[in-house]
Amino acid sequence: MSDEKSEVDPQNRGKNWTEECFDKAWVLHLDSNQKIRDCICLVCRQIANNAMELSCEQHEDLDEVLIVGKNCLKAYLKKNGDMCPIEPHEDCKYSKTKLVQRQVGELMVMCPLQFKQDQLYPAKQLEGETLEEGNEQSSESRATCNFYGQLKDIKEHLDNDCPLTTFDCWYKLFGCQVTFLRCNQTQHKLSHHNQHQNLVMSAIQQRDEEIKRLRKENETQKLQEESLKKRNTECNQQLLQCQQELSKSTVSQVFFVFFVFRELQKLLETKTKETVELTQSNQTLICKCNSLLEEMEKLKAKLEEKESAKEKMELFNRVEPHQYDWDRTRMGYSEQEPEQGRVRLRSEMQELMHKSCEDIVRQMQIGLRCSFVPSLQNGVDFLLREENKQKIYLENGKWHHFQLGVYLLGEGMTLTVDCNNKVNKNEMGYLKIKTSHLWIKHHDSVIDCSGLGYSSNKGPGKGSSATYSGCGGGGAGHATNGGGDDIASGHGKAGGIYGEKTLLKELHCGSGGGSSFFYQKKYKGGRGGGIIHLVIEQQLLNQGVLRCDGASEEKGFGGGGSGGSILLLFASSPSSSTFQHTFGTITCIGGNTQCPNAGANGRIAIHGVTPSYQDIEKINPKPFYNNIVK
């Protein structure tokens, strides 16, 4: 049945010509000299439909007429909290402009469905086709519409006259799913007459079977109803018989029944008293049980304290013999002290390094609380933070070695570099960490170098600035080209591709988006993403986020910055590692992701471990990876 469908888009028939703005290419296809400059919508850059004129007090000094399509304006105000599309301010005022609406309605155009068909199937291609026998689709593809008229007459033309308008079959209710052009209505009706007849007969048979089933159910319900009536009659007869027998009872029988009732009442009172006594006894037992449970909880707490103290003492007994040697080694006296103590201490540290993240944190927390390991410094030998909403800054561009791991255990934590690009616009963020373990515990904690790359209009993949007023800047490129290349309309050119996918030769920051130009004012594009370079020797447990995204510049439609670079190197081979890695969420996406001038995604590379399919689903963009240790 697919051969019955026209290759012209059937959805064009239902397009609402009274709402969406009109395509410039369609209108100018008939006559490129038509005057449309004063009819352009400021939001979508197409010909305004139901043109509205902005009349805000903030724009009274502008000479040009501010025209926006009614549907575009409503959508923009709803999305941006009723902020004006010219400059961000509230209480945007607008009104109908009948002059522009009349000017748009009088534009001369061709049939939009014929225009769509000409784009999909150029005239040369249609002339070269050969109509095969029985190929109804080829016949439909050569159907044409010769309508040329004013734009305001398009809706009436599509509803009543256009031979390219598509219709559903009259027998769709019976199962025929074919759609066809207006010009092929009679052909479809004749060619599918037998099929339509079979569909109708099949529907009639189904209705007959349904009627038979309902009749059968009705008969079954009637039988059940008669059975219930019969049982009801029998019950009424038994009740009447019991009433008659009761009326014939003698006085002696009545006194006997009364005597039995009194005896039963006394027995019930006795049992009630016994029940009350048992209830009170149970309440006493419950109180005793609760008291015993409280004592057991106290004893359990004391036992846990004793076990914790015992564990601390065992740790102290292991560390204390080496403490003096370790302190003197850190102070520069290693050559004057016995080698045996240093060897044993190094052995203890190596044993600790080969534990999981959870085990290391547990032993560190015990040791730090009781000051058993003063020689291990938090922030030097390891980095452990437990406070919520804390922001940690490491020195920008410098290698940071934490031989016993990095542990971000609080909620809402951020680890980044001290890159002050607001003071020095050319400074870019580069975070470099080498560690045995990395654990980000909570989903809202992040290692973040977003927006720390090249500034607006800078970088190897920079977006170009807009050349005309009312146009946006080009999106920056990196792993792919940036968004937005409508240079002829005055928009900035998109940035290109740079760098290589393995990230082993060189790591690049994301480039800056191009600046926009609106009413004699320039607005900067978004900054690119920075760089995160991690070398992990044992285990990665990322339950939060690693991020180097490009920044968005919503004000003034500046181009989005491109994503930066994230490189993960695992120093141990997959065969020798005993830990399961958790990659979590890793992103290097560009800014302005929902706009035409979006920044390109950056690059992510993983060496030494092969991530699973489930891991890759949370990594954007898709990473380059291999399991060879570099």
Side-chain angles (χ1 to χ4, degrees), residues 391 393-394 396-397 414-422 424-433 440 445-463 473-484 494-503 506-515 524-534 542 544-554 558-568 583-595 597-606 618-624:
K391 196 162 187 179
Y393 294 93
L394 298 181
N396 187 24
T414 301
L415 175 62
T416 183
V417 292
D418 55 353
C419 175
N420 191 359
N421 52 30
K422 292 183 179 179
N424 184 2
K425 296 182 179 180
N426 295 324
E427 184 177 5
M428 291 177 286
Y430 191 170
L431 176 62
K432 300 192 287 187
I433 295 177
I440 306 176
S445 294
V446 58
I447 296 180
D448 194 0
C449 282
S450 297
L452 300 183
Y454 289 98
S455 59
S456 178
N457 302 317
K458 292 186 178 181
K462 64 182 179 181
H478 190 171
T480 60
N481 292 322
I497 300 173
Y498 62 95
E500 52 89 26
K501 61 183 180 180
T502 68
L503 300 183
E506 186 176 3
L507 292 169
H508 293 279
C509 288
S511 298
S515 58
K524 294 181 179 179
R527 294 187 71 103
I531 300 174
I532 295 178
H533 187 177
L534 301 178
N542 177 24
V545 181
L546 301 178
R547 184 165 58 209
C548 278
D549 297 342
S552 300
E553 190 61 43
E554 298 179 358
S562 59
S565 301
I566 297 180
L567 174 60
L568 300 180
F583 288 87
T585 301
I586 306 175
T587 64
C588 277
I589 60 177
N592 289 359
T593 54
Q594 303 300 323
C595 300
N597 59 348
N601 290 337
R603 301 183 188 274
I604 300 174
I606 302 172
K618 296 182 180 180
I619 302 175
N620 189 15
K622 301 305 180 188
F624 171 85

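Position 1 is the first residue of the sequence; numbering continues from there.
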*Backbone of Tyr393 reached by a side-chain donor or acceptor of Thr416 within 3.5 Å*: no
*Rounded to the nearest 0.5 Å, what separation is found between the NZ atom of Lys432 and the CG atom of Leu567?*
11.5 Å
*Validation row: Leu546, Ile604 side chains within 4.5 angstrom (heavy atoms)*: no
*Closest approach of Ser515 and Lys524, non-hydrogen atoms and distance?*
CB-CA, 4.1 Å
*asked:* Run Leu568 and Ile586 through side chain to side chain contact (heavy atoms under 4.5 Å, CB included) and show every step you take.
replied: CA-CA 11 Å; Leu568 300 180; Ile586 306 175; 4.0 Å; yes
*Any side-chain heavy-atom pair from Cys548 and Ser565 closer than 4.5 angstrom?*
no
*Main-chain N/O of Thr480 paired with Asn601 side-chain donor or acceptor, under 3.5 Å*: no
*Identify the two heavy atoms, one from Ala476 and one from Gly512, that lie closest to each other, and give their separation to 0.1 Å.*
CB-O, 3.5 Å
*Which pair of non-hydrogen atoms, one from Ser562 and one from Gly477, has the smallest distance, and what is that distance?*
OG-O, 3.3 Å
*What is the minimum heavy-atom distance between Gly525 and Ser456, and which atoms define it?*
N-OG, 2.9 Å
_Could you work out, with side chain to side chain donor-acceptor pair (under 3.5 Å) as the rule, every residue matching Asn424, not counting sequence neighbours?_
none
*Nearest-0.5 Å distance, CZ of residue Arg603 to CD of residue Glu500*: 7.0 Å
*Any salt bridge (charged side-chain N to carboxylate O under 4.0 Å, His left out) pairs touching residues 447-461, not counting sequence neighbours?*
Asp448-Arg547
*So does Lys622 have more than 12 non-hydrogen atoms from other groups sitting under 6.0 Å from NZ?*
yes
*Once you round to the nearest 0.5 Å, how far does OG of Ser455 lie from NZ of Lys425?*
7.5 Å
*Which residue pairs pass the salt bridge (charged side-chain N to carboxylate O under 4.0 Å, His left out) test with at least one member in residues 558-568, sequence neighbours excluded?*
none
*To the nearest 0.5 Å, what is the distance between CG (Asn542) and OG1 (Thr585)?*
7.0 Å
*If we only count heavy atoms from C-beta on, is the Tyr454 to Pro460 side-chain gap below 4.5 Å?*
yes
*asked:* Quick check for you: to the nearest 0.5 Å, what is the distance between Leu431 atom CG and Leu394 atom CG?
replied: 6.0 Å
*For the student: nearest non-hydrogen atoms of Ala600 and Asn481, plus distance*: CB-O, 3.7 Å
*Who are the side chain to side chain donor-acceptor pair (under 3.5 Å) partners of Thr587, not counting sequence neighbours?*
Asp549
*Taking every non-hydrogen atom, the tightest pair across Gly560 and Asn592*: N-ND2, 3.3 Å
*Residues in ring pair (Phe, Tyr, Trp, His ring centres under 6.0 Å) with Phe624, at least two apart?*
His607
*With under 30° as parallel and over 60° as perpendicular, where do the rings of His478 and Tyr498 fit, or are they tilted in between?*
parallel
*When the ring planes of Tyr430 and His533 are compared, do they come out parallel, tilted or perpendicular, using 30° and 60° as the limits?*
parallel
_Pairing residues for Cys419 by the side chain to side chain contact (heavy atoms under 4.5 Å, CB included) criterion, not counting sequence neighbours_ = Asn396, Val417, Asn421, Glu427, Leu452
_Could you check whether any side-chain N or O of Asn620 sits under 3.5 Å from a backbone N or O of Ile589, counting only pairs where one atom can act as donor and the other as acceptor?_
no
*Can you tell me how far CG of Leu534 sits from CD1 of Ile433, rounded to the nearest 0.5 angstrom?*
6.0 Å
